[in-house]
Structure formats: C-alpha cells, structure tokens
Amino acid sequence: MKTDVLKRNNVKITGKGNQPMVFAHGFGCDQNMWRYITPAFEDNYKIVLFDYVGAGNSDLKSYDKDRYSDLAGYAEDILEICEELDLKKVIFVGHSVSSMIGMLAAIKSPERFADVIMVGPSARYINDEGYLGGFAKKDIIDLLDTMEKNYIGWANFLAPAIMKNPKSPELGAELTQSFCSTDPIIARQFAEVTFLSDNRGDLKKMKTPSLIMQCSDDMIAPLEVGDYLHKNIPNSSLKVLAATGHCPHMSAPEETVAVIKEYLAMKSN
Amino acid sequence: MDQKLDKAPNGYIAFNDKGIIIEVNSTICEMLGYSKQELEQTKFELLLDIAGRMFFQTHFFPMLKMQQKVDEIFLNMKAKDSTVVPVITSSVREENPDGAECVCVFLPVHNRRKYEDEILAAKKQAQEALKENKELIEAREEVSRHSKELDKRIVEIDRVNNEILQFNNIINHEMQECIRKILLFSRLGKKENQLNYFDNIIETANKLKTINASLNLFIDLDKDKNVFGSVDLNKCLDEATAQVLEETGFSGVEIIKDELPEIEGSFEDLKVLFYHLIMNAVKFRNGNEVTICISSVIFKENIYKMISRKYEYQDVVRITISDNGQGFDNKHKEHVFAILKKLNHEKGGSGIGLAMCKKILNNHHGSISIDSKENVGTTVKLVLPVEHQKDAEPDKLKPDHSVKT
C-alpha cells in the first residue's frame with residue numbers, strides 16, 4: 001500500500017513561480033508559522049508548505065515512533081514530498097531543527113536542492129567539550145517535564161478524544177483549528193529527538209550552498225552556535241539579524257523576508 | 001495603574017513583541033521579590049527557568065502571536081532569590097497603533113504542582129516498569145532481529161529468483177545456440193568431409209567455455225560471501241586500479257578521489273567490484289585519456305528494504321564514481337546489470353562485469369545504480385552499509401545457498 005505523502009504531511013502548494021521554495025516549520029509549531037513570510041515570495045516562486053507528522057493537520061495515524069526516532073526520518077518526509085511533487089532546484093527554508101533536517105535531506109539527495117536557508121539553526125543544543133550549545137542536559141530534561149505538565153490534561157483527555165471520537169466535532173474542530181496544535185506524545189518525542197540531536201559530524205558533508213540566519217539574542221541558538229555552523233559548513237553564508245528571540249519569521253517578518261530576498265538576489269547574480 | 005489590578009490576587013505582566021516588560025502589578029513583584037523598577041524594561045523571558053524560556057520560545061510566543069491568546073500554560077518562574085515559583089498563566093495579545101502588547105496573568109500553583117508531580121511520577125514509574133520488563137525487552141529484541149533477517153531474506157529471494165530467470169535464459173538461448181552451431185558444423189563437416197568446419201566448431205566451443213567460466217565466476221561469489229572484515233576502501237580501490245593498469249598496459253588514467261571510509265565487508269569481493277568499474281571506465285574511454293572522479297558521503301538510511309512500516313537507521317556510505325568516457329544511451333541503465341549483457345560487442349570482455357558488481361552489492365546488502373550520457377560519461381553510485389548487524393542465530397536460519405558446481 002502506497003503512502004499518500006501529500007495527505008500525510010498536509011502539503012499545501014501556492015504561488016505563481018516555477019522554482020520551488022519548501023518551508024519547513026520547527027519544533028512546537030506547524031506550517032502556519034510561515035504565514036508572514038510566504039506572501040512575499042508567492043509571485044516568483046512555487047510555495048510548498050507542509051506539517052511534520054504529529055503537527056498541524058498532518059495524518060496522526062502515520063506516526064511511527066521508530067521512523068521518527070531520528071532526524072533522518074523527518075528528512076525522509078521532505079525527500080518523499082520532493083519526489084512526489086517532482087521538485088527540483090529546491091530552495092529549502094527551515095526553522096530551528098528543520099535547518100538540520102533540511103541539511104540531512106540535501107546531503108542525501110543533493111541533486112534536488114539549490115539552497116538551504118536555515119533560520120535559527122543549531123548543530124547540537126547541549127554543551128560539550130569545546131562546544132557551546134547553550135544548554136545542559138538537565139535543562140532539556142526540565143523542558144520535557146514542562147511540556148509534560150502542559151500536556152497533562154491533553155495527553156489523557158483531548159488527544160485520544162480527537163483520534164477516537166469523530167462524533168464529537170466541536171472538540172475536534174477546536175483543536176485542529178487552533179494553530180500550532182501538536183499531538184502531545186509525538187511532540188514529546190520530537191522534543192527529545194530535536195534537543196538530544198548532534199549533527200556536528202554532518203556539517204562538513206554539506207555541498208549545497210546555505211544561508212545561516214542567526215538572531216542576535218536567541219537563547220535556543222546562541223551567537224556562538226551560528227559561528228560554529230558557519231565555520232564548519234562549506235559554502236555557507238552567515239547573517240546575524242537585528243531580530244531577537246527564536247522566531248524571527250514571526251517577530252520580525254520584514255527583516256526575515258529582506259534577508260532571504262537579499263541572499264537569493266545575490267545568488268542569481 | 002488601576003488600584004484593583006495592582007493589588008489583585010493574581011500577578012500581572014504586560015510585554016511587547018520583543019519580550020520587553022512594559023508594566024507589572026505589585027502582586028507579581030511580591031511573588032518574585034522584585035521591585036517594579038527592577039522588572040520594567042527587562043526581558044520577560046529572564047523571569048523563567050531555562051526550560052520555561054525554551055517553552056516560551058518554541059510554543060508560547062508562536063501561539064500567542066498567531067491566535068492572539070494562550071490559555072492555561074504551566075511555567076516555572078524564578079524569584080530574585082532563585083527559588084522556583086510554579087505558575088499557571090493565561091495571556092492575550094493585542095495589536096495597538098504603537099505596537100503589540102501581550103498581557104499575562106499568573107497564579108501560583110505550589111500545591112497543585114505537588115499533586116501533578118505525583119501523578120507524573122506514578123505515570124513514569126508505570127512506564128519505566130513496562131520499559132524494564134525483561135521478558136518484554138527480550139521478546140521485542142527477538143522480533144526485531146527476526147524482522148531484519150526476514151527483510152534480508154526477501155531481498156535475497158528476489159535476487160535469486162531473478163538470477164534463476166537469467167540463468168534459464170542463458171541456458172535456453174545462448175548455450176543452446178552454441179550447441180546448435182556445433183552440431184550443425186559437425187554434421188556439415190562430416191557430410192562434406194571438410195576439415196575447415198573445425199575452426200567454427202572450436203570457436204563456438206570456446207564461446208561456450210567462456211560462458212561457462214563466466215557463470216562459474218558469478219556463482220563463486222556466493223561461496224565465501226560471509227567472510228566479512230574491516231575493509232579500507234582506499235586500499236581496495238588502489239589495488240583494483242593497479243590490476244587494471246597492469247592488465248591493460250594503459251596509463252592514461254587520472255583518478256581524482258576523496259578519502260574513502262573504512263567499512264565492513266569482503267575485501268576480495270569489493271576489489272572485484274572496483275576492478276570491473278575501473279576496467280569499464282578504461283575500456284570505454286573517449287580517446288586516449290580518461291578521468292575518473294570518486295567521492296563518498298555517509299548518511300543514515302532505513303535498514304529495512306522490503307518490509308513496510310519498519311524502521312531502523314544505519315550509516316551507509318554512498319560512493320559516486322564518474323568518468324568522462326563514451327557513455328551509453330541511458331535507456332539501457334537497468335539492462336546493463338543483466339548477466340552476459342553487452343552493449344558494445346566490439347570490445348572484449350564477457351559481459352559479466354556489472355552483473356557481478358550488482359551481486360557483490362547485494363551480498364553486502366547495498367545497491368548499485370548507473371546513469372550515463374553518450375559521449376559525456378557514466379556515473380555509478382554504490383550504497384553500502386558501513387557496518388553489518390549480526391544475524392539472528394545464523395546457524396539455524398541460514399540454509400546453504402551455495403550452488404554446487
């Protein structure tokens with residue numbers, strides 16, 4: 001039985017151009033987070049938006065804890081979407097952990113990608129000898145704990161209700177319409193896979209040109225991380241944004257759009 | 001500020017989209033042990049523990065920005081004296097002409113947190129007990145081992161079936177054709193009493209011998225396929241290249257190569273693989289020189305090839321070997337791996353080379369693909385696992401595959 005990739009990942013295609021721009025949301029949200037960014041590219045590009053399995057309106061039934069036990073599984077989703085839509089010369093824009101997911105996809109199938117644009121990337125979140133990621137292992141465990149506390153009601157209540165009780169539309173509708181809705185159990189595993197990941201060894205394998213967009217004050221990806229990435233990813237450009245926080249595409253969409261446009265214009269010259 | 005809000009039983013903080021605190025009430029100041037002056041114009045985030053800040057960045061703020069409100073979020077706040085104040089917060093965001101404002105109220109939940117902690121601890125304990133159940137772990141590991149073995153078996157059965165079909169084809173056509181010719185020439189020779197038919201008979205018999213030898217080479221690959229060890233692919237490639245150069249006496253080869261990794265496999269078989277690939281590049285060169293570019297990259301791939309919805313990732317290396325030779329029409333890209341398939345009948349060789357390469361890759365649980373363009377060159381891609389997992393009870397499960405010859 002063939003998987004319906006477009007339904008699984010709730011793929012949405014807009015835009016008037018030919019060259020595809022694939023936007024990948026980060027941990028904790030869904031494709032809606034790109035809504036302030038994509039209008040600026042709709043005239044010239046084909047915009048491809050999707051939700052990872054477990055986020056937004058993706059098909060929760062397709063979740064497989066083994067498949068998504070590694071960022072490689074998420075990268076596989078991206079490659080399958082590209083294959084299904086026969087996308088070439090893809091400009092991949094990934095937020096947060098999606099930067100590394102996009103990089104893994106580009107390492108595996110470099111023929112599909114023209115550029116990888118990384119918004120707030122990190123190669124590893126936990127500090128290590130000679131590497132500053134910004135977090136101690138305990139911080140990550142505390143985060144999982146915070147998530148669990150916030151989902152305490154959801155996990156045993158609402159989420160199973162949506163999956164098991166289609167006859168209760170008002171409940172389902174409220175959750176599916178709420179932006180950034182994620183399945184709590186899946187979100188927890190995604191958090192673990194994300195924050196315990198270590199992609200430092202993969203950086204040097206990257207052949208596709210890339211842009212690292214580093215916020216000037218981002219506790220999730222500190223300045224040192226941006227420098228580290230730039231130093232270790234061949235053919236990468238680094239741009240430090242005036243924007244602060246981890247979500248410049250939401251807090252400073254104008255600057256984010258301008259930086260992406262500037263990079264793409266420089267590339268086409 | 002309104003007196004009632006200032007002294008309300010809940011903490012109150014307003015901050016802008018940059019997270020800078022604009023206004024606070026007295027209650028929150030008491031809760032955290034700060035003065036109003038200390039809090040205003042600082043970052044809201046700094047009042048949270050690290051996990052809380054991460055949650056704020058990845059969930060709270062995106063949600064607030066997009067749905068303009070967030071309800072019932074649990075966070076740990078940090079008081080000035082570093083004690084933890086667990087709170088429940090609800091927030092709304094409002095866009096004003098002079099910028100957006102996020103308004104949050106906070107209720108301390110010390111007791112409730114203790115209760116939730118207990119629930120979570122009980123839940124975790126139950127999960128741990130399940131996770132540590134020895135029988136369950138063993139059963140799961142066994143299922144996983146057998147699934148992997150089954151997956152490999154399905155791939156292998158597929159390959160063997162394909163080979164049998166090809167063998168059949170060779171026996172029924174190519175070999176049969178040789179036998180037919182030998183009989184024909186023998187009868188003609190006898191009838192006409194002519195000795196010159198012997199030349200035809202010898203030539204055809206030799207062809208039969210070559211086919212037989214090729215098939216044996218091919219079958220022999222199965223015999224020692226389990227002798228796996230650590231293989232330095234650089235050394236393997238160097239030795240294979242030297243062999244090609246010695247046999248052909250050709251020296252116009254330039255090899256541009258990345259450092260290749262060490263993998264687990266059969267050194268001898270992988271050398272045969274490189275030998276055929278380099279030999280093809282030399283044989284089907286354009287003019288008097290050939291440049292061969294060899295690069296490699298390691299990434300993760302699902303170990304399961306046939307069983308759907310099973311996943312386990314392992315490191316594989318992809319080796320790309322490109323030449324600037326004659327190339328061929330890419331419509332043959334699948335056929336070239338067939339046993340005794342030859343696209344170019346003028347050049348020597350048995351047509352077994354790429355079939356053997358494919359078999360070697362199969363024996364290593366890897367894959368081979370080829371892409372070519374006439375007069376531009378050919379690119380071969382090999383994907384090989386870096387390490388091999390031990391099979392499940394190999395003695396019991398492995399039947400004898402070797403074909404007796």
Side-chain angles (χ1 to χ4, degrees), chain A residues 1 3 26-29 32-33 35-36 64-73 75-76 96 104 107-108 110 134-136 138-150 152-153 155-156 178-180 182 187 191 195 201-202 205 207 217-220 243-247 250-252, chain B residues 16-20 43 45-46 48-76 86 88 100 109 112-113 116-117 119-120 123-124 144 295-302 304 308-316 318 320:
Chain A
M1 195 182 65
T3 314
F27 160 71
C29 209
N32 280 298
M33 68 174 357
R35 61 158 101 165
Y36 306 105
D64 183 304
K65 75 173 181 24
D66 291 332
R67 178 180 170 97
Y68 300 108
S69 64
D70 193 297
L71 294 184
E76 213 48 42
S96 193
L104 294 177
I107 289 170
K108 189 169 176 190
F135 299 97
K138 184 182 176 298
D139 301 327
I140 305 302
I141 291 163
D142 286 350
L143 171 74
L144 296 176
D145 188 61
T146 301
M147 286 181 62
E148 227 160 347
K149 294 230 167 75
N150 278 303
I152 202 163
N156 305 320
S178 86
F179 298 112
C180 299
T182 39
F195 289 107
D202 296 310
K205 302 178 195 168
K207 298 260 162 72
D217 181 13
D218 178 3
M219 61 107 44
I220 307 246
T244 58
H246 189 54
C247 299
M250 283 195 279
S251 61
Chain B
N16 63 19
D17 268 358
K18 286 187 176 146
I20 307 286
K43 287 205 121 186
E45 238 180 81
L46 299 179
L48 305 174
D49 68 350
I50 291 183
R53 286 182 217 170
M54 291 171 90
F55 192 76
F56 178 78
Q57 287 292 342
T58 54
H59 287 73
F60 192 105
F61 177 70
M63 280 201 283
L64 194 53
K65 173 94 194 214
M66 291 208 284
Q67 39 182 38
Q68 309 299 325
K69 66 177 213 148
V70 186
D71 290 327
E72 260 192 84
I73 295 290
F74 171 87
L75 291 169
N76 276 328
I88 288 282
V109 286
R112 198 189 145 96
R113 196 183 75 141
E116 282 182 357
D117 279 345
I119 296 176
L120 280 177
K123 192 176 132 202
K124 253 186 209 139
S144 158
S295 62
S296 79
V297 63
I298 292 176
F299 52 84
K300 283 180 185 168
E301 206 173 71
N302 188 7
Y304 292 97
S308 59
R309 300 210 63 136
K310 289 286 276 180
Y311 302 92
E312 188 179 317
Y313 298 95
Q314 64 174 351
D315 275 346
V316 295
R318 180 177 56 217
T320 308

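Residue numbers begin at 1 in each chain, while the letters A, B, ... track the order of the sequences.
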Under 4.5 Å from any heavy atom of chain A, what part of [X] do you find: side chain, backbone, both or neither?
{"X": "B:E312", "value": "neither"}
{"X": "B:E72", "value": "backbone"}
{"X": "B:K43", "value": "side chain"}
{"X": "B:K69", "value": "neither"}
{"X": "B:R318", "value": "side chain"}

Can you tell me how far the [atom1] atom of [X] sits from the [atom2] atom of [Y], to the nearest 0.5 Å?
{"X": "B:D49", "Y": "A:D145", "atom1": "CG", "atom2": "CG", "answer": "9.5 Å"}
{"X": "B:R309", "Y": "A:R67", "atom1": "CZ", "atom2": "CZ", "answer": "8.5 Å"}
{"X": "A:L104", "Y": "B:K300", "atom1": "CG", "atom2": "NZ", "answer": "8.0 Å"}
{"X": "B:Q67", "Y": "A:N32", "atom1": "CD", "atom2": "CG", "answer": "10.0 Å"}
{"X": "A:T146", "Y": "B:F60", "atom1": "OG1", "atom2": "CZ", "answer": "13.0 Å"}

Can B:Y311 and A:K65 be said to form a side-chain contact (heavy atoms from CB on, under 4.5 Å), step by step? CA-CA 9 Å; B:Y311 302 92; A:K65 75 173 181 24; over 6 Å; no
Over all heavy atoms of both residues, which pair between [X] and [Y] is shortest? Give the atoms and the distance, please.
{"X": "A:L143", "Y": "B:F55", "result": "CD1-N, 3.8 Å"}
{"X": "A:K205", "Y": "B:I298", "result": "NZ-O, 2.6 Å"}
{"X": "A:G73", "Y": "B:Y313", "result": "CA-OH, 3.0 Å"}
{"X": "A:F195", "Y": "B:M54", "result": "CE2-CE, 3.3 Å"}
{"X": "B:D17", "Y": "A:S251", "result": "O-CB, 4.5 Å"}

Structural part of A:I141 lying under 4.5 Å from a heavy atom of chain B: neither
Under a 4.5 Å heavy-atom cut-off, does chain B meet the side chain of A:I107, its backbone, both or neither? both
Give the C-alpha distance, both sets of side-chain angles, the deciding distance and a yes or no for side-chain contact (heavy atoms from CB on, under 4.5 Å) between B:M66 and A:C29. CA-CA 10 Å; B:M66 291 208 284; A:C29 209; 3.5 Å; yes
Which one, A:T244, A:I220, A:D142, leads in non-hydrogen pairs under 4.5 Å with chain B? A:I220
Between A:M250, A:K108, A:K207, which has the largest tally of heavy atom pairs under 4.5 Å with chain B? A:K108
If the condition is side-chain hydrogen bond (donor to acceptor under 3.5 Å, both in side chains), which residues does A:D139 pass it with, not counting sequence neighbours? none
Taking every non-hydrogen pair under 4.5 Å, which of B:A51, B:G19, B:G52 racks up the most with chain A? B:A51
Go through B:R113, B:K18, B:R53, B:K310 and name the one with the most non-hydrogen pairs under 4.5 angstrom from chain A. B:R53
Which is it for A:K138 and B:I50 under the side-chain contact (heavy atoms from CB on, under 4.5 Å) test, yes or no, and what are the steps along the way? CA-CA 10 Å; A:K138 184 182 176 298; B:I50 291 183; over 6 Å; no
Evaluation steps, side-chain contact (heavy atoms from CB on, under 4.5 Å), between A:M147 and B:F74: CA-CA 9 Å; A:M147 286 181 62; B:F74 171 87; over 6 Å; no
